[in-house]
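Note sheet for the following structure.
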Number of protein chains: 2
Amino acid sequence: MPPTRAARRPAATELPAEPTQARRFGKARTAQSTALLEDYAELIADLLASGGEARPTDIARRLGVSHATAIKTIARLKREGLATARPYRGVFLTEAGEALAARVKSRHRLVVDLLRAVGVPSEAAEQDAEGIEHHVSDTTLLAFGRFLKAHG
Amino acid sequence: MPPTRAARRPAATELPAEPTQARRFGKARTAQSTALLEDYAELIADLLASGGEARPTDIARRLGVSHATAIKTIARLKREGLATARPYRGVFLTEAGEALAARVKSRHRLVVDLLRAVGVPSEAAEQDAEGIEHHVSDTTLLAFGRFLKAHG
DNA sequence: AACTAAATGTAGCCTAGGCTACACTTTGGC
DNA sequence: GCCAAAGTGTAGCCTAGGCTACATTTAGTT
Ligand SMILES: [Mn+2]
Ligand SMILES: [Mn+2]
Ligand SMILES: [Mn+2]
Ligand SMILES: [Mn+2]
C-alpha cells in the first residue's frame, strides 16, 4: 500500500461538501451557456409575432450588439436546431425554437411578476429578470407560481 | 437632404423600446462577466476563513474545474487587483477582494433566504442562487431585505 | 537525506461571443 | 429603371474560460 499523504489542513466546516458545490457551480455554468440562446429565441419570437419578420439588424439593435455578432449567434441557433434562415430573408424558429421561446417567455414573465410581488420596483425587476431568468429551475418556477397564486 | 428610407414594417408594440432593451441586455452581459470573479472571491474568502489557506487545487476542486483553469482565473483576479498569490504558497485577497467577497457572500445568503421564503425547496434554492446572485441589483437586494424583515 | 506523490505552474489547444472592416444584395426614392 | 443607402454576410481579430499534457517544486514517509 503506497503511503497516503496527510491532509494539509482540517476540513472546512461552513462550506458545502466538495462534490455538491462543484455540481452546483457546474450547473450554473451550463445555464450560462444556454442563456444567450434563450434570449435570442425569445426575442426572435417577439419580433416575428409583432412585425412578421426577424431581421439580423433588428435583433442586433435590440440586443445592443453588432449585426455581425448577431449573425454569428444566429448561426449557432441554426446549428442547434432552434432556427432557420433564408439569406437576406430573415430568421425563423423551428418547432424546438418556438417551444424554447414559449418556455423562456413565460419564465421571464413569472420572474418579473415574482420580483414585483416581493416589492422590487418595476424597472429593477425588468432589468434583473433579464439575467436571473436563465438560472431559475423548474422547481423554483413552480414555487414562484404557487407564491403568486397565494399572494399577488 | 438625402432621402430617408421608409421603415420596412410597423414598430413592435409589445416589446420594450429598443434602447431600453439594449441597455438591459448590456447590463446583463456585464453582470455575467463579473460573475466568475465573484464566485472565486467568495470561495477564496471561505477557504481562508475555514482552513487558513486557499490553494489552487482546493479552489479547482470546489468549482469543479481543472487546476489549470483555476490558476488562470486567479491570474485574472490578480490583474484586477482582487487577489495576490505567492508561488506555491496559496492565494490571498486584497482589500478590494475582501470587500467584494463580503458583499457577494451576504448577497448570496440573502438570495437563498428569499427563495426559501417564497417556498423554494432548500436544494433548489441553493442551486439556483449560485447563478441568480450575480444578477441581483442593489435595489432588488434592498427589496429582498425588506420582504424578509416583514415576512420570514 | 532520499524518494515519490501531490501540488503547482506553464504551454498550447479549443469554443463562445464580442468587435471592425470590407464585400455583396436588396430596395426605396427619384 | 437607376443607384445610393440600408441591410446582410464574411473574414479576421481579440479575450474569457474551458481543457490536456508536461515540467517544476514541495513535502510526507521512510
Ligand atoms: Mn435574459
Ligand atoms: Mn428574457
Ligand atoms: Mn455564483
Ligand atoms: Mn455564491
Side-chain angles (χ1 to χ4, degrees), chain A residues 1-9 22 25-40 44 47 51 53-80 82-92 131 134, chain B residues 1-9 22 25-40 43 47 51 53-80 82-92 131 134:
Chain A
M1 193 170 103
T4 47
R5 190 188 211 204
R8 203 198 298 246
R9 56 178 178 69
F25 280 120
K27 281 193 191 173
R29 280 192 299 271
T30 299
Q32 193 44 53
S33 92
T34 60
L36 195 67
L37 296 181
E38 294 180 343
D39 283 334
Y40 270 74
I44 290 167
L47 288 170
E53 291 194 326
R55 297 300 187 116
T57 301
D58 297 334
I59 297 169
R61 249 198 311 261
R62 292 277 175 184
L63 290 166
V65 298
S66 73
H67 82 275
T69 295
I71 287 174
K72 259 202 207 176
T73 305
I74 291 164
R76 189 178 158 208
L77 286 170
K78 290 192 265 183
R79 243 185 301 144
E80 312 220 354
L82 297 168
T84 58
R86 305 203 319 284
Y88 296 94
R89 281 283 168 290
V91 184
F92 307 90
H134 308 288
Chain B
M1 192 170 98
T4 47
R5 190 188 210 203
R8 201 198 301 245
R9 58 178 175 68
F25 280 121
K27 281 194 191 174
R29 280 193 300 271
T30 299
Q32 192 45 53
S33 91
T34 60
L36 195 68
L37 296 180
E38 293 180 343
D39 283 334
Y40 270 73
L43 176 57
L47 288 170
E53 291 194 328
R55 297 299 188 117
T57 302
D58 296 335
I59 297 169
R61 249 200 312 263
R62 292 276 174 185
L63 290 166
V65 298
S66 73
H67 81 276
T69 295
I71 287 174
K72 260 203 206 173
T73 306
I74 290 164
R76 189 178 158 209
L77 286 171
K78 290 192 265 183
R79 244 186 299 142
E80 312 220 352
L82 296 168
T84 57
R86 305 204 318 286
Y88 295 94
R89 280 284 168 290
V91 183
F92 306 90
H134 308 288

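Within every chain, numbering begins at 1; the chains are lettered A, B, ... in the order of the sequence lines, protein sequences first and strands thereafter.
With respect to Asp58(B) and Arg61(B), a salt bridge is recorded, a charged nitrogen being found less than 4.0 Å from a carboxylate O.
Judged as a salt bridge (Lys or Arg N to Asp or Glu O under 4.0 Å), and not counting sequence neighbours, Arg29(B) has no contacts.
Residue Ala70(B) comes nearest to Pro56(B) through the heavy atom pair CB-O, 3.9 Å, listed as atom of the first residue, atom of the second, then distance. Nearest approach of Tyr88(B) to Arg55(B), heavy atoms of both residues: O-NH1, 3.5 Å.
Taking atom CD1 of residue Ile71(B) and atom P of nucleotide dA21(D), one finds them 17 Å apart after rounding to whole Å. When the P atom of dG7(D) is taken as reference, atom CZ of Arg55(A) falls 10 Å away, rounded to whole Å. Following rounding to the nearest Å, Arg89(B) (CZ) and dT8(C) (C1') show an atom-to-atom distance of 11 Å. The OH-C1' distance, from Tyr88(A) to dA5(D), rounds to 14 Å in whole Å. Between Arg86(A) atom CZ and dT25(C) atom C1' the separation is 15 Å, expressed in whole Å.
The shortest distance between side-chain heavy atoms of His134(A) and Asp39(A) falls below 4.5 Å. The side-chain heavy atoms of Tyr40(B) and Arg76(B), taken from C-beta on, include no pair separated by under 4.5 Å.
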### Task
Could you walk me through whether Glu80(B) and Leu37(B) pass the side-chain contact (heavy atoms from CB on, under 4.5 Å) test, one step at a time?
CA-CA 9 Å; Glu80(B) 312 220 352; Leu37(B) 296 180; 3.4 Å; yes
### Task
Summarise how protein sits on nucleotides 13-22 of chain C as a single string, 5' to 3': B when a protein heavy atom is under 4.0 Å from the base, S for sugar-phosphate-only contact, - for no contact.
B--SSBBB--
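Test Thr73(A), Ile74(A), Val65(A) against Ile59(A) for side-chain contact (heavy atoms from CB on, under 4.5 Å) and you get one pass: Ile74(A).
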### Query
Tell me, what's DNA chain C's dot-bracket, Watson-Crick or G-U with both distances under 3.5 Å, | for other-strand, [ ] crossing?
||||||||||||||||||||||||||||||
